[in-house]
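These notes concern the structure reproduced below.
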Amino acid sequence: MKARYTYRIYPNCLQQNKLAQVFGCVRVVYNDALAMVKATPEGEKWPSNAEIQKLVITQAKQTESREWLSFVSVVPLQQSVQDLGVAFKHWFAALKGQGRARFPRFKKRSHTQSARFTQRGFSLSNGKLVLAKMGEFKVQWSRQLPSEPSSVTILRNTAGQYHASFVVEICQKSVEPIRPSIGVDLGIKVFAFPSFGKPIKAPDYSQLDKKVRRLQKRLAKQQKGSSRREVTRLKIAQLQLKIRNIRKHFLHTESTKLIRENQAVSLEDLAVSNMVKNRKLSRAISQQGWAEFRLMLQSKAAQYVNRVVNIISRWEPTSQTCSDCGFRWGKVDLSVRSILCVSCGAEHDRDENAAKNIDKVGAGLAHDAKWTGSDSKTASAASCIEPSSHKVEQQLRLFA
């Protein structure tokens, strides 16, 4: 299977100028190709990748307005057109209900810049990366490449840092799991509550987030195009990059631990796009990185032998059912964190109980409807240890 290994690179001033030229040419070719597709009359067949490459690269070099395309290597220009084709392929698949993707958009100079080189456009020599028409680049090798890379993507983020991302072939790892399965209940105050072990708490981003918001207010008042605005924009990008790095390190650590120790990991299919509509919780939900955590678990499960990630339905009553006896007590206010089951007398922490139910449903042990007596009617009889924020009359109606 294929994987990406990303390293930091340190180009000098001359190489930075050359990379800026390559990024600009790649961006122009991509935008020209997208504009050509959008300009195709309705009802006519869109041009193929080969036809687009011939028009926006080969013939464009012969024109006065695009003759500077010949100053850079043709490899990243061709790959830019290929990337547009992949974007359209994902969009067509999303129209059929396979995955999620939107119609390709034009690339901007202010966003992250990238250029992809295949094997005929780069090489590795004496621990340095050699790119076509740009020379050698110093690479910070934090770990050794497991195999010969098939391609490399040069990236420049909004904070001004440069990275080289290699695509390599890796083998599956064989590690004996400690447990057969585990359920994980995702939250805000506690990032993840596993059905076995201690709760996983996320890093605190509040101080860095306050600095970002303060600088964003300053940026809104500064004149566009001024040097002071650019300095403020760079500070914001650096702070946001720091938050992303902290979150990514945390998610990588916890996802690797869960996959290595458990044969099966079960999660809920959360409707994050609907949850962020809550203005009081949208910022906290967005900072958690639940979707990124799920993708990491799935990608790392594929890297290990005999590992699986189960995604259960969001409509499973994991917070409304006793994990010991299966009795369903119905909906309980979010402020209630501890529940006493009147059927078996077990006392449950709300998140731990949900995690155990997620584990059972993920393992194929679905909730039995006979405990509630009806599939559509919420059962009664639940006893709360902690008081709810609802009024007494509302509690009586809830549990009557």
Side-chain angles (χ1 to χ4, degrees), residues 2 4-7 9-40 45-91 104-126 128-139 145 147-157 161-169:
K2 294 185 181 296
R4 281 194 176 273
Y5 278 56
T6 304
Y7 305 89
I9 61 175
Y10 299 91
N12 54 38
C13 294
L14 180 60
Q15 290 173 335
Q16 289 181 15
N17 293 333
K18 291 183 178 180
L19 284 175
Q21 189 177 17
V22 172
F23 293 149
C25 293
V26 168
R27 185 175 62 251
V28 167
V29 168
Y30 184 93
N31 291 342
D32 287 348
L34 180 57
M36 184 177 299
V37 172
K38 295 180 72 173
T40 304
K45 186 178 179 181
W46 287 357
S48 63
N49 283 349
E51 295 172 346
I52 293 177
Q53 284 186 19
K54 183 178 179 181
L55 294 173
V56 301
I57 299 177
T58 306
Q59 296 182 5
K61 289 181 180 179
Q62 302 174 2
T63 63
E64 186 177 355
S65 59
R66 294 287 189 267
E67 60 181 359
W68 34 265
L69 291 176
S70 59
F71 299 159
V72 302
S73 173
V74 72
V75 176
L77 304 183
Q78 293 174 344
Q79 296 304 312
S80 179
V81 179
Q82 295 291 335
D83 292 341
L84 179 62
V86 173
F88 275 116
K89 182 180 178 180
H90 291 166
W91 178 64
R105 298 186 297 178
F106 293 105
K107 290 188 176 182
K108 295 183 179 181
R109 184 181 301 176
S110 57
H111 292 179
T112 299
Q113 304 298 305
S114 64
R116 185 155 58 95
F117 294 81
T118 56
Q119 287 183 335
R120 64 191 183 98
F122 80 97
S123 62
L124 297 175
S125 176
N126 298 325
K128 293 186 177 182
L129 174 64
V130 182
L131 297 177
K133 293 188 177 183
M134 281 183 284
E136 297 180 346
F137 289 79
K138 180 182 177 182
V139 183
L145 288 173
S147 61
E148 191 71 20
S150 59
S151 67
V152 60
T153 303
I154 307 300
L155 303 164
R156 182 187 183 276
N157 57 31
Q161 297 178 352
Y162 294 85
H163 295 84
S165 181
F166 298 91
V167 176
V168 294
E169 193 75 23

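Quantities reported herein were computed from a predicted structural model and do not represent experimental measurements. We number each residue from 1, following the sequence as shown. Basis for what follows: all heavy atoms, side chains included, without hydrogens, waters or symmetry-related copies.
Two residues are said to be in side-chain contact when any heavy atoms from C-beta on lie closer than 4.5 Å; P104 and L84 meet this criterion. Looking at heavy atoms from C-beta onward, Q21 lies out of side-chain contact with N17 at the 4.5 angstrom threshold. Side-chain contact check for I154 versus V22: every heavy-atom pair is 4.5 Å or farther apart. M134 is listed as a side-chain neighbour of L19, based on a closest heavy-atom distance under 4.5 Å. Side-chain atoms of S151 and V167, non-hydrogen and from C-beta on, do get closer than 4.5 Å to each other. Using a 4.5 Å cut-off on side-chain heavy atoms (C-beta onward), Y30 and Q79 make no contact. Looking at F106 and L34, their side chains come closer than 4.5 Å, going by heavy atoms from C-beta outward.
Interatomic distance, NZ of K133 versus CZ of F71, reported as 9.5 Å (0.5 Å rounding). In this structure, Q78 CD and F117 CZ are separated by 12.0 Å, a value rounded to the nearest 0.5 Å. The NZ atom of K61 sits 9.5 Å away from atom SG of C25, with the distance rounded to the nearest 0.5 Å. Atom CG of L69 and atom OG1 of T58 lie 10.5 Å apart (nearest 0.5 Å). Of the inter-residue distances, the one linking K128 atom NZ with I9 atom CD1 reads 13.0 Å to the nearest 0.5 angstrom. Considering CD of Q16 and OH of Y10, their distance stands at 12.5 Å, rounded to 0.5 Å.
Side-chain polar atoms of S165 and R4 form a donor-acceptor pair below 3.5 angstrom. For the 3.5 Å distance criterion, the side chains of Q113 and R27 qualify, holding a donor opposite an acceptor.
Smallest separation of non-hydrogen atoms from H163 and T6: CB-CG2, 3.9 Å. Across S125 and V130, no two heavy atoms sit closer than the pair CB-CG2, 4.1 Å. Summarising the geometry of V56 relative to A60, their closest heavy-atom pair is O-CB, 3.2 Å, with the distance given to 0.1 Å. Residues S73 and P76 share a closest heavy-atom pair of O-CD, 3.3 Å. Annotation for A33 and I52: closest pair CB-CG2, 3.5 Å, computed over non-hydrogen atoms. In terms of heavy-atom proximity, R66 sits nearest to V28 at NE-CG1, 3.4 Å.
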- Intermediate values then yes/no, side-chain contact (heavy atoms from CB on, under 4.5 Å), H90 and V86: CA-CA 6 Å; H90 291 166; V86 173; 3.5 Å; yes
- Message: Evaluate F137 against L131 for side-chain contact (heavy atoms from CB on, under 4.5 Å), listing each step before the verdict.
- Response: CA-CA 8 Å; F137 289 79; L131 297 177; 3.6 Å; yes
- Item | Test side-chain contact (heavy atoms from CB on, under 4.5 Å) applied to L145 and L124, step by step | CA-CA 11 Å; L145 288 173; L124 297 175; 3.9 Å; yes
- Item | side-chain contact (heavy atoms from CB on, under 4.5 Å) between F166 and L129, worked out | CA-CA 11 Å; F166 298 91; L129 174 64; 4.1 Å; yes
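Under the 3.5 Å distance criterion, the side-chain polar atoms of Q15 are matched with a main-chain donor or acceptor of N12. A donor-acceptor distance shorter than 3.5 angstrom exists from the side chain of T40 to the backbone of M36, with no hydrogens or angles considered. Q53 places no side-chain N or O within 3.5 Å of a backbone atom of L77 that could act as its donor or acceptor partner. Using modelled atom types, one side-chain atom of E51 and one backbone atom of S48 make a donor-acceptor pair closer than 3.5 Å. Judged by distance alone, with hydrogens and angles left aside, the side-chain atoms of N157 form no donor-acceptor pair with the main-chain N or O of Y162 at under 3.5 Å. Side chain of T153 to backbone of R116: no donor-acceptor contact under 3.5 angstrom is found.
Relative orientation of the W91 and F88 rings is perpendicular, given thresholds of 30° and 60° on the angle between their planes.
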